[in-house]
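To keep things clear, I will list the structure first and then write my remarks on it.
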2 protein chains.
Amino acid sequence: MATNTMNKSEIKVIGVLERVGGFASAQELYQLLQRGGESIGLTTVYRALQSLVSDKIVDQLRREDGEAIYRLCGDNHHHHLVCKQCGSTVEIEGSAIERWTKSIAEEHGFREVGHTAEIFGICPKC
Amino acid sequence: MATNTMNKSEIKVIGVLERVGGFASAQELYQLLQRGGESIGLTTVYRALQSLVSDKIVDQLRREDGEAIYRLCGDNHHHHLVCKQCGSTVEIEGSAIERWTKSIAEEHGFREVGHTAEIFGICPKC
DNA sequence: TTGAAAATGAAAATCATTTTCATTTTCTGC
DNA sequence: GCAGAAAATGAAAATGATTTTCATTTTCAA
C-alpha cells in the first residue's frame with residue numbers, strides 16, 4: 001500500500017488542519033496559511049484538499065450554507081453549546097452522541113461514519 | 001399562530017414538490033414547473049423555497065456537491081443519515097439526541113434550546 | 001378607485017470552486 | 001552535473017448555484 005506520495009502543499013494543509021483541530025473551509029485554511037507566512041495559492045489549497053479527501057486522509061462535508069468543510073479523519077472531536085444571543089460557546093463531551101451515531105449507522109449498514117451536532121440556545125447571562 | 005399567508009408561487013412550488021415526492025434542487029423544480037407550463041421565474045422559485053424552509057414546510061439539505069435540495073417536511077422532527085457518496089438519505093428517529101440535548105442544556109442553564117445533528121457515512125450500496 | 005404594500009422576474013452581482021495555461025520545480029536516466 | 005519529461009504551482013478566467021437589485025405588476029384594504 002502507501003501508494004501515495006505526499007507533496008509539500010499537502011503537508012502544509014495537514015499541518016494547518018492539525019492546528020485547527022476540527023472543521024475548516026478551504027478559504028479559512030488558505031487564510032490561516034497566509035497569516036502563518038506560508039507561500040501557497042488558493043488553487044493549490046483546493047487541490048491538496050481534493051487529493052487528501054480522495055486518499056481518505058481528510059473528511060469533507062458541507063456547512064449549512066453549502067460551503068465545504070474539512071478536517072483530519074479520525075480527529076476525535078467535541079461538540080459545542082452555543083448561545084444564539086452572545087455567541088459564547090461551551091465545549092461539551094459527546095460520548096453519548098458517539099454511541100448513538102455508531103449504533104444508528106450500524107443498523108443501516110453504513111461505513112466510515114462521522115457526524116455533526118451542535119446545540120444552540122440562550123445562555124444564562126443573556 | 002398561523003401567521004403565514006401562502007402566496008401563489010409557494011403553492012406552485014409545494015405542488016411540484018408533491019409530484020416529485022422526494023428531494024429536488026431549486027433548478028430542477030424550476031425546470032419541472034416550466035415544463036409543466038407554469039409561468040414562474042427562477043428567482044421566485046428560490047424565494048418561495050426560502051420562505052417555505054423558514055416556515056418549516058420544506059426541509060433543506062445539501063447534496064455532496066453543495067447544491068441545496070428540498071422536500072416537503074414530514075411533521076415529526078427527525079435527523080438524517082446521509083451517504084457521502086451517492087447522497088441517499090435515511091430518516092432517523094432522534095429521541096436519544098433529544099434527551100441528550102435537553103440534559104446538556106439544562107446542566108448549563110441554557111434556554112430556548114435547539115440542535116442540529118447529522119450522521120454521514122457510506123451506504124451499503126456504495 | 002386609489003395608493004401603499006407585496007410579489008415578480010430579468011439582469012447583475014456574489015462567492016465558492018474548478019479550469020486553463022504558462023511558468024517553475026522536481027525527478028529520472030545518462 | 002545535465003537535459004528533458006513529468007508533476008506542481010498559482011494567477012486569472014470560467015463556472016454555476018444562489019442572492020441582490022430594481023423597475024414593473026399585482027393585490028388589497030380603505
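Within every chain, numbering begins at 1; the chains are lettered A, B, ... in the order of the sequence lines, protein sequences first and strands thereafter. Note that the structure is a prediction, hence the values are computed from the model and not measured.
We find that OH of Y46(B) is positioned 17 Å from C1' of dT21(D), with the value rounded to whole Å. If you measure from atom CZ of R63(A) to atom P of dT18(D), you get 16 Å, rounded to the nearest angstrom. If you measure from atom CD of E64(B) to atom P of dT18(C), you get 11 Å, rounded to the nearest angstrom. Summarising the geometry, the separation between CD1 on I69(A) and C1' on dA16(C) is reported as 14 Å, rounded to the nearest angstrom. Rounded to an integer number of Å, the gap from CE of M6(B) to C1' of dA6(C) is 16 Å. At whole-Å resolution of the value, CG in N7(B) and C1' in dT27(D) are 11 Å apart. Between K12(B) atom NZ and dG9(C) atom C1' there is a gap of 12 Å when expressed in whole angstrom units. The separation between Q31(B) atom CD and dA17(D) atom P is 10 Å, rounded to whole Å.
Regarding contacts with the backbone of dT18(C), a side-chain N or O of Q50(A) is found under 4.0 angstrom from either OP1 or OP2. Checking the phosphate oxygens (OP1, OP2) of dA16(C), no side-chain nitrogen or oxygen of S25(A) falls inside 4.0 Å. For dG10(D), the OP1/OP2 oxygens have a side-chain nitrogen or oxygen of T44(A) closer than 4.0 Å.
By the 6.0 Å contact criterion, CD on E107(A) is enclosed, its count of non-hydrogen atoms from other residues, nucleotides or ligands being greater than 12.
The nucleotide whose nearest atom lies closest to any side-chain atom of Q27(B) is, among dA17(D), dT17(C), dT8(C), dA17(D).
Shown are L61(B), V20(B), D59(B), V53(B); of these, the side chain to side chain contact (heavy atoms under 4.5 Å, CB included) with Y70(B) is made only by V53(B).
Residue order along DNA chain D, read from the 5' end via each residue's closest nucleotide, puts T43(A) first among T43(A) and L42(B). Toward the 5' end of DNA chain D, the nearer of the two residues K8(A) and E67(B), judged by each one's closest nucleotide, is K8(A).
Of the charged side-chain nitrogens involved, none lies within less than 4.0 Å of a carboxylate oxygen, so that R19(B) and E38(B) do not count as a salt-bridged pair.
Atoms CG and CD, from L52(B) and E10(B) in turn, are 5.0 Å apart once rounded to the nearest 0.5 Å.
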